[in-house]
J.: 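To start, I am sharing the structure in question, which I have written as structure tokens.
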Amino acid sequence: MKSELERLVADALKTLTGSVLPDPVDPAWISVERSRDASHGDYTCNIALRLAKLARRAPRELAGAVVAALPASPDLARAEVAGAGFINFHLARAAHGAVLRRVLAERERFGRSDAARGQRVILEFVSANPTGPLHVGHGRQAAYGATLANLLRATGHSVHCEYYINDAGRQMDILTASTWLRYLEHCGETLPFPANGYRGDYVHAIARQLYERRGRELQHPAAAVLSDLPADAPAGDKEQYIDAVIQRMRSLLGAGGFDQVLELSLAAMLGDIRDDLAAFGVEFDRWYSERELARSGAVEHALEKLAAAGTLYRKEGALWFRASQFGDDEDRVLVRANGQNTYFAPDIAYHLQKRERGFERLIDVLGADHHGYVARVRGALVAMGEPGDCLEACLVQFVSLFRGGEKIPMGKREAQFVTLRQLRAEVGNDACRLFYLMRSHDQHLDFDLELAKSRSNENPVYYVQYAHARVASVMKQLDARALRYDQAVALEHMERLDGAHEQAAVRELARYPDIVAQAAAARTPHALVHYLRDLAHAFHTWYNAATFIVDDAPLRNARLALALGVQQVVRNGLALLGVSAPESM
RNA sequence: GCGCCCGUAGCUCAGUUGGAUAGAGCAUCAGGCUUCGAACCUGAGGGUCGGGAGUUCGAAUCUCUCCGGGCGCGCCA
């Protein structure tokens with residue numbers, strides 16, 4: 001409809017060229033937008049305002065000339081000049097009926113498009129270290145990423161979702177040592193727990209699992225573990241201390257024993273994370289292991305590419321990347337003086353891999369604290385000959401939990417942080433996902449547990465779901481009165497939907513495809529949440545003002561058709577958000 | 001100090017190629033069920049869009065500057 005109107009305007013401008021307008025107008029200047037206010041018609045065009053200076057005419061006068069020159073169209077009831085020089089289009093009623101017809105015909109496909117058909121996107125999100133359960137911040141990234149994937153697929157993208165597992169490196173060693181120390185406690189040893197260790201309850205659970213499988217095979221006396229270790233914090237350095245513990249563990253258990261504890265810890269954590277996400281309705285196409293990446297030689301391959309491009313140099317025994325020449329603030333170390341890679345080296349290799357696997361667009365959903373990381377990865381991609389704009393970062397801001405207006409403190413290494421699992425158990429998946437997605441991702445989120453749990457009018461989750469359930473309820477009532485919905489009759493009598501509330505509901509339905517397209521393009525799932533609230537509001541208002549099940553069969557069927565259309569779009573929208581659409585509540 | 005994000009109603013927030021009288025929800029106040037589900041609806045009050053300057057027909061939106069808040073600036077990940 002939009003492009004149809006733009007074409008009409010373009011035709012009108014063409015006939016005015018030479019008389020009212022001095023020069024032909026670039027079609028790119030013409031834009032027709034949906035009117036924000038119903039009193040401004042269905043669509044609006046600001047071309048007269050934009051051309052006024054060029055044409056040396058008053059905007060209203062110019063707009064009048066354009067309106068007079070508009071070709072006739074069956075979809076257009078009338079066009080009029082308004083305000084400073086806007087042209088407002090009022091569509092013919094037949095055009096309104098067409099929207100509802102489409103909803104009813106396309107059903108779950110309504111709102112989908114193939115605007116970006118075939119564009120291959122890899123979407124990486126969550127990618128939390130498997131050193132502890134997911135917390136509420138990860139939950140927001142999970143909800144955001146999963147919904148963004150749905151939106152991108154709905155607009156024709158080919159989307160591959162991936163979770164990058166940081167299963168190599170020091171964090172894993174610390175988890176391994178933490179597990180072992182808790183295991184030793186379980187065996188009856190008494191020893192201090194490192195300041196830098198993971199002290200959550202989940203470590204105890206893994207330790208118990210280790211004990212159940214291996215009995216006392218891995219036990220060593222506390223004295224042997226602790227002898228000659230440097231001081232822990234606060235007197236000493238906590239980093240040096242934990243490293244010494246790891247070293248001691250390796251020497252007492254041997255590399256094989258250490259790896260067994262590591263594997264068990266990793267499997268336990270990863271299993272927990274997978275189950276948690278699956279239960280939250282978040283699925284990945286692939287879980288990509290950093291260790292496998294390292295074993296495949298991908299890191300060396302990336303380093304070679306960087307070296308071949310002349311972007312590496314040695315300084316103080318370390319291997320550096322000239323990131324500062326590629327948009328980063330400073331150069332970055334890839335290989336430490338001790339020969340070990342920094343986390344950055346495999347990350348570069350991973351992103352290069354994504355390109356080499358054929359993905360045109362790389363989208364990383366990251367916590368807002370990782371924003372500094374984007375420039376250096378992009379810089380590395382450019383240095384390796386990839387286009388810098390293929391990488392896109394969506395930074396998701398932090399979540400603060402509130403209970404009854406009081407902020408719940410959260411800390412990572414402390415045992416007191418709230419997990420995603422706990423949050424889901426308390427408020428339910430639906431409220432959880434909707435609350436996570438309600439706010440723009442670049443806005444801090446205040447998540448109020450009491451509000452999310454409340455079954456009152458304060459809770460927007462039920463507001464939208466209620467619209468869906470209400471339609472289902474009407475259809476049940478219809479059945480109870482031994483009446484049947486006849487869509488053929490409804491389609492013949494669309495013109496009966498002429499009330500203001502019905503028109504408003506139809507207008508909302510018509511917006512849906514644009515909302516989906518825009519939310520996908522701008523990576524803003526929250527726009528969909530706001531839309532669904534608007535749609536539900538239009539429906540509830542209409543519901544309160546009108547009776548659907550009336551004796552007049554044509555009117556009854558037309559109204560039921562619109563109600564079913566609303567229900568369909570609510571269901572479609574909630575599906576994209578990963579929220580259920582219940583028949584009754 | 002440098003970089004990124006944010007500042008809109010009492011509170012939590014929408015408002016994305018610059019558009020018409022800046023919108024929701026909550027809270028407050030006043031109304032609406034004998035009728036398809038009141039988990040709903042209707043109405044009212046509430047604003048220097050952080051301050052200032054600039055760009056132009058037109059700025060919450062773009063530019064500059066100042067103020068206030070968050071985050072990041074490691075041979076940690």
Side-chain angles (χ1 to χ4, degrees), chain A residues 28 31 33 35-37 39-40 44 46 48-50 52-53 58-59 82-86 88 129 131 166 168-172 174 239 315-320 328-330 332-344 346-347 367-375 393 395 397-398 402 405 438-440 442-446 448 451 454-467 469-478 480-481 518 521-524 526-527 529-531 533-534 536-537 539-550 556 559-560 563 584-585:
Chain A
S31 86
E33 297 299 328
S35 302
R36 290 170 69 184
D37 189 325
S39 68
H40 296 144
T44 189
N46 64 357
L49 290 159
R50 301 187 67 176
K53 199 171 201 176
F86 294 96
N88 291 337
N129 284 348
T131 52
N166 287 102
R170 187 159 169 272
Q171 298 305 316
M172 282 310 303
I174 295 175
E239 305 285 351
K315 192 177 87 180
E316 292 161 7
L319 186 64
W320 295 69
D328 199 2
D329 296 334
E330 49 191 291
R332 305 288 169 181
V333 172
L334 292 175
V335 183
R336 287 191 273 266
N338 66 9
Q340 291 209 312
N341 291 336
T342 60
Y343 80 99
F344 187 39
D347 273 7
D369 53 336
H370 283 72
H371 64 76
Y373 156 102
V374 180
L395 300 170
Q397 294 288 336
F398 292 163
F402 287 78
M438 219 161 40
R439 306 294 180 223
S440 167
D442 54 20
Q443 195 77 234
H444 283 247
L445 176 66
D446 289 342
D448 193 312
L451 180 59
S454 75
R455 295 180 168 265
S456 70
N457 55 359
E458 296 170 43
N459 195 328
V461 181
Y462 299 108
Y463 187 77
V464 177
Q465 289 184 325
Y466 185 42
R470 253 186 164 173
V471 176
S473 180
V474 169
M475 298 312 284
K476 276 180 217 148
Q477 189 58 226
L478 187 73
R481 296 187 195 180
Q518 196 194 0
R523 322 317 188 199
T524 51
H526 74 280
V529 178
H530 286 271
Y531 164 77
R533 236 173 24 186
D534 292 344
H537 179 248
F539 175 77
H540 288 311
T541 301
W542 175 42
Y543 181 95
N544 268 275
T547 306
F548 301 169
I549 304 177
V550 292
R556 180 178 70 232
R559 285 181 174 169
L560 291 173
S584 67
M585 303 168 57

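Below, chain A is the first sequence line, B the second, and so on; all start at residue 1.
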J.: Quick one: is B:U12 close enough that its OP1 or OP2 comes under 4.0 Å of any side-chain N or O from A:Q443?
T.: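 Checking B:U12 against A:Q443, no side-chain N or O comes under 4.0 Å of OP1 or OP2.
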J.: If only atom types and distance count, is the side chain of A:T541 paired as donor or acceptor with the main-chain N or O of A:H537 below 3.5 Å?
T.: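 Side chain of A:T541 to backbone of A:H537: a pair is present.
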J.: Is there a side-chain polar atom (N or O) of A:Y463 under 4.0 Å from OP1 or OP2 of B:A38?
T.: no
J.: Which nucleotide, if any, forms a Watson-Crick or G-U wobble pair with B:C73, using both distances under 3.5 Å?
T.: B:G1
J.: Go along nucleotides 72-77 of chain B 5' to 3' and tag each nucleotide: B for a protein heavy atom under 4.0 Å from its base, S when only backbone or sugar atoms are that close, - otherwise.
T.: SS-BSB
J.: Taking only residues two or more places apart in sequence, or in another chain, which ones meet A:Y466 in a ring pair (Phe, Tyr, Trp, His ring centres under 6.0 Å)?
T.: A:H540
J.: Who pairs with A:F548 by ring pair (Phe, Tyr, Trp, His ring centres under 6.0 Å), at least two apart in sequence or on another chain?
T.: A:W542, A:Y543
J.: Does A:K476 or A:L445 map to a spot on RNA chain B nearer the 5' end, using the closest nucleotide for each?
T.: A:L445
J.: Quick one: is A:T541 getting a side-chain N or O under 4.0 Å of the B:U42 phosphate, OP1 or OP2?
T.: yes
J.: To the nearest Å, how far apart are A:Y466 OH and B:A39 P?
T.: 5 Å
J.: Using the P atoms only, state how far B:U16 lies from B:C62, rounded to an integer number of Å.
T.: 9 Å
J.: Could you check whether A:N88 gets within reach of a base, just the sugar-phosphate, or nothing at all, counting any heavy atom under 4.0 Å?
T.: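 Answer is base: heavy atoms of A:N88 come under 4.0 Å of a base.
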J.: Would the distance check show the side chain of A:R439 and the main-chain N or O of A:H444 forming a donor-acceptor pair, the cut-off being under 3.5 Å?
T.: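 Judged by distance alone, no pair lies under 3.5 Å.
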J.: What residues, two or more places apart in sequence or in another chain, satisfy side-chain hydrogen bond (donor to acceptor under 3.5 Å, both in side chains) together with A:H371?
T.: none
J.: So what does A:R470 touch, heavy atoms closer than 4.0 Å: a base, only the sugar-phosphate, or nothing?
T.: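 Touches sugar-phosphate only.
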J.: Could you tell me how far apart A:D442 (CG) and B:C13 (C1') are, to the nearest whole angstrom?
T.: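 Atom-to-atom, A:D442 to B:C13, this comes out as 12 Å.
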J.: I'd like a table of atom pairs between the protein and nucleotides 15-19 of chain B - only N or O on both sides, under 3.5 Å - with the distance next to each one.
T.:
residue: B:G15; atom: OP1; partner: A:H526; partner atom: NE2; Å: 3.1
residue: B:U16; atom: O4; partner: A:T524; partner atom: OG1; Å: 3.1
residue: B:U17; atom: O4; partner: A:E33; partner atom: OE2; Å: 2.6
residue: B:G19; atom: N7; partner: A:N46; partner atom: ND2; Å: 2.9

J.: Mind calculating the distance between CG (A:D448) and C1' (B:G25) to the nearest angstrom?
T.: 14 Å
J.: What's the CH2-C1' distance between A:W542 and B:C40, to the nearest Å?
T.: 15 Å
J.: For A:Q171, is there any backbone N or O sitting under 3.5 Å from a side-chain donor or acceptor partner on A:T131?
T.: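 Absent.
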J.: For A:A375, which contact category applies under a 4.0 Å heavy-atom criterion: base, sugar-phosphate, or nothing?
T.: nothing
J.: Out of curiosity, A:T524 OG1 to A:D442 CG, how far, rounded to the nearest 0.5 Å?
T.: 9.5 Å
J.: Has A:H530 got its ring stacked on B:A24, by the test of a centre gap below 5.5 Å and a plane angle below 30°?
T.: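 The base of B:A24 is not stacked with A:H530 (the test needs centres under 5.5 Å and planes under 30°).
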J.: Got a sec, which residues hit side-chain hydrogen bond (donor to acceptor under 3.5 Å, both in side chains) with A:D448, two or more places apart in sequence or on another chain?
T.: none
J.: Taking only the C1' atom of each, what is the distance from B:G18 to B:C49 in whole angstrom?
T.: 15 Å
J.: Given B:A14, is OP1 or OP2 found less than 4.0 Å from the side-chain N or O atoms of A:R533?
T.: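 It does not, given that no N or O in the side chain of A:R533 lies less than 4.0 Å from OP1 or OP2 of B:A14.
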J.: Checking base pairs now: Watson-Crick or wobble, both atom distances under 3.5 Å. What partners B:A14?
T.: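 Because no pair has both required distances under 3.5 Å, B:A14 counts as unpaired.
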J.: Is B:G46 paired to anything, Watson-Crick or G-U wobble with both distances less than 3.5 Å, and if yes, which nucleotide?
T.: none
